[in-house]
Participant: 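Can you read through this structure? Questions will come right after.
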Amino acid sequence: MTSTRTLATSLMSLTTAALFALCSAGQATAAPASPDTKDVAGVSSAAVTDTSGADYWTPERMRSAIPADVLAKKAVERQKSNPAVLPEQAKGPETKIQGSAPQVQAKANASETPVSHIGKVFFTLGGTNYVCSANSVVSTNRNTVSTAGHCLNEGPGAFATKFTFVPAYLNGSAPYGKWTAKALYAPTQWSSSGSMEYDTGFAVMSQLNGRNLADVVGASGVSFNAARGLAYKAFGYPAASPFNGESLKSCSGTATNDPYNPQFNSQGIPCNMTGGSSGGPWFIGTSSSGYQNSVNSYGYGTNSTKMYGPYWGSVIQQAYNAASSAS
């Protein structure tokens with residue numbers, strides 16, 4: 001179970017045209033934000049009280065978890081019926097926080113050699129099991145992972161339950177264990193309105209066997225308010241056809257603005273990853289050792305040749321700060 005609290009609220013809504021998100025979440029409705037706080041960058045969070053996630057996610061359940069693009073399509077229709085123009089996102093000073101490398105070895109080889117700090121996340125919403133991708137990021141608590149906002153909160157709606165991170169997942173294996181979340185964080189603009197501009201979330205994981213996540217698998221550095229148009233390498237576990245979600249994949253390229261919905265403020269790189277890859281990290285540069293600066297968020301249609309990710313500005317940084325400093 002999750003118990004939800006709002007640190008601050010912000011009124012945002014989403015307009016869209018034929019948007020196909022790669023993974024989504026459940027079926028509850030959040031309370032509307034107060035109109036007098038529309039310019040306040042907020043963070044919503046949920047404390048996770050259900051600790052059964054690791055036991056619940058058997059290899060069979062992990063393989064059968066659904067990339068929830070079918071629910072994303074429902075969210076799109078809901079958002080199209082309530083259009084609004086998004087204000088331009090404020091840009092703060094560029095911030096980089098250096099990560100740490102683990103002293104571990106790769107466990108196996110696939111299309112991409114498994115990366116210790118990148119993995120799959122499994123969660124439940126509305127009684128259905130779903131799957132996304134995620135990454136361990138540097139944090140004060142040494143137990144924080146990044147993913148897409150729609151991989152932990154419906155946007156708008158309930159937060160996920162049984163949220164579990166499996167780093168370096170490969171063919172049903174969990175070489176570094178199954179890490180369960182104790183708290184979930186998202187920008188209020190996502191949790192209250194489903195604004196694709198802020199489609200990022202962070203989960204604080206419980207210790208496993210008395211150890212912190214970052215000490216076991218490492219943690220990527222993060223960057224906010226960076227220049228646009230950078231070269232990226234993105235990773236994820238696409239599970240919808242023609243992929244099966246059992247191994248790590250990647251895409252590389254120079255980011256360009258979304259020409260179809262510029263109000264999302266998103267950037268895209270050449271990529272054909274499908275449902276299940278949502279939440280996978282974007283690294284500046286050409287390897288998984290760079291600074292993370294976005295996540296896989298959405299594409300257009302089942303044969304999309306571009307993956308779009310949100311711009312990590314000050315609003316998403318505030319969500320990261322809240323998760324990173326949580327005890």
Side-chain angles (χ1 to χ4, degrees), residues 45-57 62 95-110 112-123 132-147 151-152 160 162-170 172-185 200-224 233 235-237 248 279-285 287-293 295 312 317 319-327:
S45 67
V48 179
T49 58
D50 183 352
T51 60
S52 65
D55 294 332
Y56 178 81
W57 291 109
M62 288 193 292
T95 301
K96 289 184 177 180
I97 305 173
Q98 188 172 0
S100 61
Q103 295 182 347
V104 295
Q105 294 180 344
K107 298 293 184 178
N109 291 312
E112 278 285 343
T113 299
V115 177
S116 61
H117 50 84
I118 303 173
K120 299 183 76 168
V121 288
F122 302 90
F123 58 96
C132 277
S133 302
N135 183 49
S136 170
V137 292
V138 62
S139 60
T140 302
N141 55 40
R142 302 191 65 76
N143 281 305
T144 299
V145 301
S146 66
T147 189
C151 296
L152 51 73
K162 294 183 173 64
F163 186 99
T164 301
F165 177 53
V166 183
Y169 175 99
L170 180 67
S173 68
Y176 300 110
K178 301 172 187 176
W179 300 72
T180 57
K182 62 181 179 180
L184 306 175
Y185 291 79
T200 298
F202 299 92
V204 179
M205 316 309 291
S206 297
Q207 286 188 329
L208 182 61
N209 299 324
R211 301 187 67 189
N212 295 324
L213 177 65
D215 297 328
V216 176
V217 303
S220 298
V222 292
S223 175
F224 301 93
K233 186 168 186 177
F235 291 80
Y237 285 85
L248 186 65
W282 285 31
F283 297 104
I284 298 172
S287 75
S288 61
S289 62
Y291 285 91
Q292 185 177 345
N293 186 232
V295 295
W312 276 20
Q317 183 177 5
Y320 162 78
N321 288 342
S324 170
S325 60
S327 59

Participant: Ring-plane angle category for F283 and H117, please: parallel below 30°, perpendicular beyond 60°, tilted otherwise.
Facilitator: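 F283 and H117: perpendicular rings.
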Participant: Answer with yes or no after comparing the ring centroid distance for F202 and Y320 against a 6.0 Å cut-off, counting only values under it.
Facilitator: yes
Participant: Got a donor-acceptor contact below 3.5 angstrom from the T164 side chain to the T180 backbone?
Facilitator: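 The answer is no, because no donor-acceptor pair under 3.5 Å joins these two groups.
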Participant: Just so I know, are the side chains of L152 and F123 near enough to count as touching, which here means a heavy-atom distance under 4.5 Å?
Facilitator: no
Participant: May I have the step-by-step check of side-chain contact (heavy atoms from CB on, under 4.5 Å) for W312 and Y291, ending in yes or no?
Facilitator: CA-CA 12 Å; W312 276 20; Y291 285 91; over 6 Å; no
Participant: Is S136 reaching over with its side chain to a backbone N or O of G218, donor-acceptor style, under 3.5 angstrom?
Facilitator: yes
Participant: Can you name the nearest heavy-atom pair linking G172 to M62, along with the distance?
Facilitator: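 Minimum heavy-atom separation between G172 and M62: O-CE, 3.5 Å.
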Participant: Is any side-chain heavy atom of W282 less than 4.5 Å from a side-chain heavy atom of N293?
Facilitator: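 W282 does not reach N293 side chain to side chain.
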Participant: Under 3.5 Å, side chain of N141 to main-chain N/O of S327, donor-acceptor pair present?
Facilitator: no
Participant: P114 versus L248: any side-chain heavy-atom pair under 4.5 Å?
Facilitator: no
Participant: Under the 3.5 angstrom rule, does the side chain of T140 hit a backbone N or O of S325 as a donor-acceptor pair?
Facilitator: no
Participant: side-chain contact (heavy atoms from CB on, under 4.5 Å) between L208 and L213: does it pass, once the steps are laid out?
Facilitator: CA-CA 8 Å; L208 182 61; L213 177 65; over 6 Å; no
Participant: Would you check, one step at a time, whether the test side-chain contact (heavy atoms from CB on, under 4.5 Å) holds for V295 with T147?
Facilitator: CA-CA 7 Å; V295 295; T147 189; 6.0 Å; no
Participant: Keeping the roles fixed (side chain from W57, backbone from K162), state whether a donor-acceptor pair exists under 3.5 Å.
Facilitator: yes
Participant: Please check: side-chain N/O of S287 versus main-chain N/O of S289, any donor-acceptor pairing under 3.5 Å?
Facilitator: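 Flag set: sc S287 to bb S289 pair under 3.5 Å.
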